[in-house]
Amino acid sequence: MKAVIMAGGEGARLRPLTCDRPKPMVPLMDRPMMEYIVELLARHNLRDVAVTLQYQPQKIKEHFGSGEGFGVRMTYYLEDEPLGTAGSVKNAASFLDDTFVVISGDCLTDIDLEEALQYHRQKKALATIVLTPQENPLDYGIVILEKGGRVSRFLENPRWGEVFSDTVNTGIYILEPAVLDYIPSRVQFDFSKDLFPLLLEMRLPLYGCVLPGFWCDIGSDFQYMQAQRSILEGNVKVKILVPEVKKGHWMAPDAHVDPDAHLLPPLFIGAGSRICSGAQVGDFSVIGRGSIIGKRAHLKRGITWDGVVLGEASSLKGGILCRKVSLGPGAAVYEGAVVGDRGVIEEQSVVKPNVKIWPHKLVESGTTVSENLVWSGCSSKSLFGFDGVKGELNRDLSAEMI
């Protein structure tokens with residue numbers, strides 16, 4: 001059995017998390033989310049894996065290499081231009097000579113793939129869509145099945161008045177190689193929008209398999225944070241690489257926590273991190289490797305990636321600090337805010353809820369940031385300096401700023 005991981009996504013909705021990396025390389029609990037998918041495949045003995053790439057492909061290839069270190073054998077297929085979900089799999093047609101599984105590299109799931117394969121074989125299907133119940137199906141493709149399990153209808157991104165089922169398309173498919181004949185070469189072509197409606201119209205054996213288990217499509221900052229919360233709550237069966245030293249405390253052996261620090265589980269502390277005296281790390285916090293939580297700093301429901309520094313008496317409450325972000329003394333980042341890689345938030349500054357700051361930005365001391373910081377390289381407390389107003393036209397000095 002073979003598998004295809006679709007890992008070409010740019011992850012535009014997740015920016016600035018994805019500004020400097022492809023979406024499958026965004027970390028969950030201190031390691032790329034695609035690692036969890038590779039582990040799922042290996043656990044179900046799906047060890048010959050094709051990986052479809054398009055956006056920043058080298059970062060995925062450098063991390064996973066041949067796949068041997070992750071218990072699989074990987075072959076990479078690069079798209080010169082976006083081909084869509086089905087088109088990307090067609091690009092790997094030379095690899096696919098038997099029944100195969102298609103799965104996204106940027107979701108989190110523990111669904112039983114073996115059960116889906118057995119169902120597919122039992123139904124003698126050409127294509128099987130793995131479905132799962134969701135409380136809020138509005139953001140997903142709804143699939144209606146006939147009594148025998150054949151697909152009878154699709155509805156993409158429904159409104160509440162159109163919701164006639166809670167079973168949604170997980171983007172996990174069991175396919176026969178013959179299905180590739182219905183996908184044109186070198187053309188943008190999607191499974192849900194193009195291929196499956198075509199198979200349905202031709203009355204070919206297209207089935208849906210409804211399975212329990214955890215599944216989360218990580219398409220937004222909120223879903224990203226919820227995915228990590230679900231891991232900490234034990235709602236998804238995945239491996240956490242650092243030990244659980246006591247109930248709800250996952251902490252690397254070389255992490256250091258000062259005796260005067262206060263920890264409230266569940267939480268995760270990565271390798272080489274340091275929690276200083278008087279710091280408070282609240283529930284559902286994830287601290288990436290090599291991070292420093294300074295004296296009397298306060299972190300609650302916050303996520304830091306690797307190499308982050310929280311200065312003395314600073315606060316991170318429900319926000320995300322990406323790689324090597326520095327938060328100065330007394331600075332605060334609030335609910336839903338995201339600071340991109342190597343951002344610097346100087347002392348006594350405030351990043352308000354839901355504000356997004358792109359990588360390599362500087363927020364000067366005492367500044368309150370209430371809008372996204374995308375193009376300008378710096379956010380200042382005052383507009384006028386000693387020499388008037390300075391900046392690059394159409395970047396720091398935009399029409400809106402003028």
Side-chain angles (χ1 to χ4, degrees), residues 16-17 26-31 221 224-225 227-229 231-233 240-353 355 357 359 361-363 365-366 369:
L17 302 181
V26 169
L28 286 174
M29 310 295 282
D30 220 13
R31 59 184 179 136
D221 299 338
Y224 172 71
M225 297 190 77
Q228 306 207 66
R229 180 173 183 137
I231 295 174
L232 289 171
E233 288 178 322
I240 299 178
L241 293 187
V242 307
E244 188 177 14
V245 295
K246 59 182 179 178
K247 183 65 175 177
H249 286 251
W250 283 271
M251 188 167 71
D254 61 348
H256 174 74
V257 177
D258 190 278
D260 290 335
H262 179 68
L263 307 181
L264 179 64
L267 52 82
F268 173 97
I269 302 174
S273 293
R274 184 153 52 93
I275 316 297
C276 298
S277 173
Q280 298 183 50
V281 180
D283 53 337
F284 300 107
S285 293
V286 175
I287 299 172
R289 64 188 181 276
S291 293
I292 299 173
I293 311 302
K295 292 180 178 179
R296 296 183 293 108
H298 188 191
L299 193 153
K300 183 176 177 65
R301 298 186 308 277
I303 296 172
T304 78
W305 292 5
D306 61 296
V308 168
V309 176
L310 267 65
E312 184 172 349
S314 61
S315 297
L316 174 62
K317 298 182 179 180
I320 304 170
L321 304 183
C322 295
R323 189 169 184 267
K324 295 188 181 299
V325 168
S326 175
L327 201 60
V333 174
Y334 288 112
E335 197 81 29
V338 181
V339 181
D341 290 3
R342 297 181 182 275
V344 176
I345 313 299
E346 292 189 339
E347 64 272 12
Q348 304 301 326
S349 294
V350 174
V351 179
K352 289 200 166 183
V355 168
I357 297 178
K361 306 300 183 188
L362 170 66
V363 174
S365 60
V369 185

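Worth saying up front: this structure is predicted, and the values here are computed from it rather than measured. Keep in mind that the numbers below use all heavy atoms, side chains included, and drop hydrogens, waters and symmetry copies.
Note that CD1 of Ile303 is 9.0 Å distant from CG of Leu316, once rounded to the nearest 0.5 Å. Rounding to the nearest 0.5 Å gives a distance of 10.0 Å between CD1 of Ile275 and CG of Asp258. Atom CD of Glu312 and atom CZ of Arg296 lie 4.5 Å apart (nearest 0.5 Å). Separating the CD1 atom in Ile240 from the CZ atom in Phe268 is a distance of 7.5 Å, to the nearest 0.5 Å. Interatomic distance, Asp283 CG to Leu263 CG, rounded to the nearest 0.5 Å: 11.5 Å. Between the CG atom in Asp260 and the CD atom in Gln280 there is a gap of 12.0 Å [rounded to 0.5 Å].
A donor-acceptor distance shorter than 3.5 angstrom exists from the side chain of Glu244 to the backbone of Gly248, with no hydrogens or angles considered. Panel note: side chain Asp254, backbone Gly272; a donor-acceptor pair is recorded below 3.5 Å. Between the side chain of Ser291 and the backbone N or O of Trp305 there is at least one donor-acceptor pair closer than 3.5 Å.
Residues Val363 and Val344 fail the side-chain proximity criterion, which asks for heavy atoms closer than 4.5 Å. Val286 has its side chain out of reach of Asp30: every pair of non-hydrogen atoms, C-beta onward, lies at least 4.5 Å apart. When side chains are defined from C-beta on, Leu267 does not count as touching Trp250, because their heavy atoms never get closer than 4.5 Å. Taking the side chain as every heavy atom from C-beta outward, Ile357 and Val338 never approach each other to under 4.5 Å. With a 4.5 Å cut-off on side-chain heavy atoms, Leu310 and Leu321 count as touching. For the pair His298/Val281, no side-chain contact is recorded, criterion being any heavy-atom separation below 4.5 Å from C-beta on.
With respect to Ser273, the side chain to side chain contact (heavy atoms under 4.5 Å, CB included) criterion is satisfied by exactly one of Ile293, Val308, Ile287: Ile287.
Of all heavy-atom pairs between Pro243 and Ala252, the closest is CD-CA, 4.4 Å. In terms of heavy atoms, Ser314 sits closest to Gly328 at CB-O, 3.5 Å. Nearest heavy-atom pair across Leu28 and Ala227 is CD2-CB, 4.2 Å. The shortest heavy-atom contact between Ser315 and Leu327 is O-CD2, 3.6 Å. Minimum heavy-atom separation, Lys295 to Cys276: N-CB, 3.6 Å. Taking each heavy atom of Met225 and Gly318 in turn, the nearest pair found is CE-O, 3.5 Å.
Sorted by first and then second residue, the pairs that involve residues 334-348 and meet side chain to side chain donor-acceptor pair (under 3.5 Å), not counting sequence neighbours, are Arg21-Asp341, Arg301-Glu335.
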